[in-house]
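Every value quoted in this text rests on a predicted model; they were computed, and no experiment measured them. The sequence lines fix the lettering, A, B, ..., with proteins before strands; numbering per chain opens at 1.
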Amino acid sequence: DSGVTQTPKHLITATGQRVTLRCSPRSGDLSVYWYQQSLDQGLQFLIQYYNGEERAKGNILERFSAQQFPDLHSELNLSSLELGDSALYFCASSERDTETQYFGPGTRLLVL
Amino acid sequence: EDQVTQSPEALRLQEGESSSLNCSYTVSGLRGLFWYRQDPGKGPEFLFTLYSAGEEKEKERLKATLTKKESFLHITAPKPEDSATYLCAVGGGDDYKLSFGAGTTVTVRA
């Protein structure tokens with residue numbers, strides 16, 4: 001158990017809908033990272049927050065957004081969902097930007 | 001752009017048959033090279049961080065090494081419970097993302 005929690009574990013929704021994925025980092029970690037893992041693309045970095053502020057952005061679609069709250073938990077919002085958005089979404093956290101990232105168990109999203 | 005290439009894609013081993021996984025990388029200003037283990041449907045589990053060429057780290061039957069261009073993960077006398085996908089990632093430059101390779105799926109038969 002890495003200490004990173006993610007909810008929900010599974011999510012099934014329809015195209016065009018909007019969903020919110022939640023992540024609680026390890027106690028004491030200030031950085032939260034979001035990654036997408038699909039069969040054909042592997043693990044892809046989406047976005048990083050550090051102590052409430054956006055720090056780095058990867059290949060995140062404009063339909064996706066995230067935020068980190070004062071209690072350091074983070075939410076990833078996915079809107080106007082498409083079939084291709086079906087994937088595993090992982091959250092990771094680290095104590096400092098350059099330290100090791102610890103991953104949560106993931107949320108499996110299925111868009112029908 | 002950081003690039004990570006892992007080989008082989010898949011590795012089938014007999015229990016006790018030692019082998020090595022390769023991770024080749026290109027990165028501007030290496031901050032760290034990371035090895036993770038991932039079981040199907042689960043999140044990546046941290047194994048090692050290597051920071052500079054020549055560094056080595058060990059954990060049970062696993063040993064990771066680092067050169068300026070590649071890293072190796074050596075599996076000594078593997079057991080069936082070592083079956084998993086092993087992911088290599090690099091962090092570099094001014095941002096803090098990790099760039100992952102596609103992974104090597106290891107299957108160890110009893």
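- Other residues, nucleotides and ligands contribute more than 12 heavy atoms inside 6.0 Å of the CD atom of A:E54.
- Taken together through direct or relayed side-chain contacts under 4.5 Å among Ile, Leu, Val, Met, Phe, Trp and Tyr, A:L43 and B:L33 form parts of separate hydrophobic clusters.
- With a 4.5 angstrom heavy-atom cutoff, B:K42 touches chain A only via backbone atoms.
- Under the 4.5 Å side-chain heavy-atom criterion for Ile, Leu, Val, Met, Phe, Trp and Tyr, B:V27 and B:W35 are members of the same hydrophobic cluster.
- At a threshold of 4.5 Å between side-chain heavy atoms, the hydrophobic network of Ile, Leu, Val, Met, Phe, Trp and Tyr places A:L76 and A:L61 in one connected group.
- In terms of hydrophobic clustering, with Ile, Leu, Val, Met, Phe, Trp and Tyr side chains grouped at heavy-atom distances under 4.5 Å, B:L87 and B:V4 are assigned to different clusters.
- Using a 4.5 Å heavy-atom cutoff, the side chains of B:F100 and A:F45 are not in contact.
- Comparing A:G58, A:G106, A:P105, A:A56 by how many heavy-atom pairs each has under 4.5 Å with chain B, the most go to A:P105.
- Of the atoms belonging to A:Q44, not a single heavy atom falls under 4.5 Å from chain B.
- Within the 4.5 Å cutoff, no side-chain heavy atoms of A:Y33 are placed close to those of B:L98.
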Practice problem: Begin from the C-alpha positions of B:F46 and A:F103 and carry the test side-chain contact (heavy atoms from CB on, under 4.5 Å) through to its verdict. | Solution: CA-CA 8 Å; B:F46 169 70; A:F103 283 75; over 6 Å; no
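- Contacts of B:Q38 with chain A are made by side-chain atoms alone, with heavy-atom separations under 4.5 Å and no backbone atom involved.
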Practice problem: For the pair A:T100 and B:Y36, evaluate side-chain contact (heavy atoms from CB on, under 4.5 Å) and give the outcome as yes or no after the intermediate values. | Solution: CA-CA 11 Å; A:T100 299; B:Y36 289 85; 4.0 Å; yes
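- Put simply, B:L50 and B:F72 are part of two different groups of oily side chains (I, L, V, M, F, W, Y) that touch within less than 4.5 Å, one to the next.
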